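For reference, the structure discussed in these notes is given below.
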Amino acid sequence: MIQTVRGTFDILPDEVPRWRLLEETARTVFRCYGYREIRTPIFERTELFARSVGEETDIVAKEMYTFTDRGGESLSLRPESTASVVRAYIQHKMWTWGSVVKLFYLGPHFRYERPQKGRFRQFHQIGAEAIGQNDDPAIDAELIEMVEEYLDRLGVLERALFINSVGCSQCRPAYVRRLKETLAGVISRMCENCQRRYETNPLRILDCKVEEDQPFIERAPALLDHLCEACAAHFEALRRHLEARGIAYQIARRLVRGLDYYTRTAFEITSARLGAQNAIAGGGRYDGLSELLGGPPAKGIGFALGVERLLLALPEDAAIVDDAPDLYIAYLGEAARQEAFRVARRLRRAGLVVIYDFEERKLRRLMAQADRAKARYALLIGEDELAAGRYTLRDMRTGEQEALSEEALLRRLVTSRELSASGRG
RNA sequence: GCGAGCAUAGCUCAACCUGGUCAGAGCACUUGACUGUGGAUCAAGGGGUUGCGGGUUCAAAUCCCGCUGCUCGCCCCA
């Protein structure tokens, strides 16, 4: 039997409503903040990710699905989307669109990782980017507010917002040197991972969770205390903006981001309901990424959110069955069968969800089918109905039945559908 | 890349430790009790080379080895 590839899965019809809820709520909320949807290709030139995400990062070094196409070009399935969006910003000269361009995206992304709870090889992200000449911290605060608003609307509980600043090209290199100097004498006593990070990505040492390493990390200088004046002012302003907006946050002095392009603002939203992979959303500022990709100077901030993880943190009752049929037609006999097909077509044209069985069965079985399909109404067409020119409509909730002409039937069903639609809100 | 756990009917599981009555149950499915009326009840039925391969044994779902897959954790990240 051929099965789904490791780390991938089918989203079956029963689960699709939950996915649609997340996607449609995102579109609704982000649009209110002036963000517009962009759809970039699923694969790009490998170079795009190598230059933006960073050659040395795990994502690029060992997690990308990279292949050579028939033209000999190295391409990669996207492991994230910020690089693509910035590429599009440059390619389509979006700086001419206005001072800050706000875009959002959603779709599948790919990383070759060992699957576990909340982590897959094909996974889905929803994200947004604000790119332009302006790096006003109010833009950062608004973006964070938007994510919080989105999660509030979905009812995601047990979550926390952490913020930090990772500095800029002015202050971070000096800090990293200072960090390495501080740890130089003790690094040999720290865990293997930290020894490796010391060489590849010293900032990540701050993230280490090994108990024995904590005393060393506690004594290490914090990036927040070594920001340049401009970065420090930016971070203070961000805090004031968040407070003015009534958004509760915690400062996580050890929060760093894994991708090379991040600068200044870094934030993360976690949920206690997830497991080891407890980050639902993460993001930050990436001033200078445009230049890195050969574009004009530009500032930017964005975030990405893991759909599979968000699903884990969603309330149980968020699943809504939105495709229950309006009508199940139970016909008896060949003549009634033809009549059923004709009536169904007319009702479907009016937007009603109409189903029937293709097999002849006893009426008892047909009614059971209607019940199981959760149809709102059942329509009976048999010899009596054909002779009278009126169909028997049964309300599956109350069991009440009445004989209706085709016109009356259409009116009744359309009205019923409108009522239930407005009732659901 | 590393570590641990688990693979029995469509689904959830039992039998495995202490090898040996045909591998069972619930749910789901089909049919009937109920000739044109659903949800309940009762009955009958279909569906498994116990993940794959090898070994031990008179005998393997059960014990041993290998492989594959899944899950969780490390790592990394959303």
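Throughout, protein chains are lettered first and strands after them, A, B, ... in sequence-line order, and every chain is numbered starting at 1. When reading the values below, keep in mind they use all heavy atoms of this one structure, side chains included, and skip hydrogens, waters and symmetry mates. Note that the structure is predicted; figures quoted are calculated from it, not measured.
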Hey, what's the ring geometry for Phe267(A) with Phe303(A), parallel, tilted or perpendicular (30° and 60° as the breaks)? tilted

Paired with A9(B) by Watson-Crick or G-U wobble geometry, both distances under 3.5 Å: which nucleotide is it? none

Leu305(A) or Lys62(A), whichever maps to the more 5' nucleotide of RNA chain B: Lys62(A)

Between Gln116(A) and U71(B), is there a side-chain N or O to OP1/OP2 distance below 4.0 Å? no

Taking the C1' atom in each of U21(B) and U62(B), what is the distance between them to the nearest angstrom? 16 Å

Have a look at Lys362(A) and say if it touches a base, only the backbone sugar-phosphate, or nothing, with a 4.0 Å heavy-atom cut-off. sugar-phosphate

Is there a donor on the side chain of Arg6(A) or the base of C70(B) sitting less than 3.5 Å from an acceptor on the other? no

Taking Val354(A)'s backbone N and O only, do any of them form a donor-acceptor pair with Arg348(A)'s side chain (distance below 3.5 Å, no angle check)? yes

Distance-only donor-acceptor test (3.5 Å): side chain Glu385(A), base G36(B): yes

If you look at every strand shown and take non-hydrogen atoms under 4.0 Å, does Phe303(A) touch a base, only sugar-phosphate, or nothing? nothing

Tell me: CD of Glu113(A) to C1' of C76(B), nearest whole Å? 6 Å

For G3(B), the nucleotide meeting Watson-Crick or G-U wobble distances (both under 3.5 Å) is C72(B)

In whole angstrom, give the distance that lies between atom CG of Leu379(A) and atom P of G36(B). 18 Å

How far, in whole Å, is U56(B) from U12(B) if one measures between their P atoms? 35 Å

Ignoring hydrogens and angles, answer whether the base of C34(B) and the side-chain atoms of Arg365(A) contain a donor-acceptor pair closer than 3.5 Å. no

When you match Tyr112(A) and Arg394(A) each to their closest nucleotide on RNA chain B, which lands nearer the 5' end? Tyr112(A)

Using atom C1' in both nucleotides, what's the gap between G20(B) and U57(B) to the nearest angstrom? 12 Å

Indicate the ring-plane relationship of Tyr150(A) and Phe30(A), choosing parallel, tilted or perpendicular according to the 30° and 60° boundaries. tilted

Ignoring backbone atoms, test whether Arg364(A) places a side-chain nitrogen or oxygen under 4.0 Å from the OP1 or OP2 oxygen of U35(B). no

Donor-acceptor pair under 3.5 Å, Arg119(A) side chain vs C75(B) base: yes

Least distance between heavy atoms, Ile205(A) atom then Ile217(A) atom: O-CD1, 3.4 Å

Answer with base, sugar-phosphate or nothing: what part of the nucleic acid does Gln277(A) contact at a heavy-atom distance below 4.0 Å? base

Length of the CD1-C1' vector between Ile381(A) and U37(B), whole Å: 15 Å

Identify whether any heavy atom of Leu380(A) sits under 4.0 Å from a base atom; if not, whether one sits that close to sugar-phosphate; answer base, sugar-phosphate or nothing. base

Under 3.5 Å for both donor-acceptor distances, Watson-Crick or wobble: does A61(B) have a partner, and if so which one? none

Check the phosphate of A78(B) against Arg257(A), side-chain N and O only, distance under 4.0 Å to OP1 or OP2. Yes or no? yes

Which nucleotide, in any strand shown, forms a Watson-Crick or G-U wobble pair with U31(B), with both distances under 3.5 Å? A43(B)

Out of G36(B), C76(B), G39(B), which has the shortest distance to the side chain of Leu363(A)? G36(B)

May I ask you to say what Ala279(A) touches in the nucleic acid, namely base, sugar-phosphate or nothing, with a heavy-atom cut-off under 4.0 Å? sugar-phosphate

Any strand: nucleotide that pairs with G66(B) via Watson-Crick or wobble, under 3.5 Å: C52(B)

NA contact type, Glu80(A), heavy-atom cut-off 4.0 Å: base, sugar-phosphate, or nothing? nothing

Arg264(A)/Asp135(A) ion pair, N-O < 4.0 Å: yes

Which nucleotide, G73(B), A78(B), G38(B), lies nearest any side-chain atom of Met367(A)? G38(B)

What's Glu63(A) touching, base or sugar-phosphate or nothing? Going by heavy atoms closer than 4.0 Å. sugar-phosphate

Closest to the Pro115(A) side chain, choosing from C77(B), U71(B), U37(B): U71(B)

Lys117(A) atom NZ is separated from C6(B) atom P, nearest whole Å, by 19 Å

Determine the minimum heavy-atom distance between Phe120(A) and Phe123(A), stating which atoms define it. O-CD2, 3.7 Å

From C-beta outward on Ala276(A), which listed nucleotide comes closest to its side chain: G38(B), G36(B), C74(B)? C74(B)

Any side-chain donor-acceptor pair under 3.5 Å between Tyr391(A) and Glu339(A)? yes

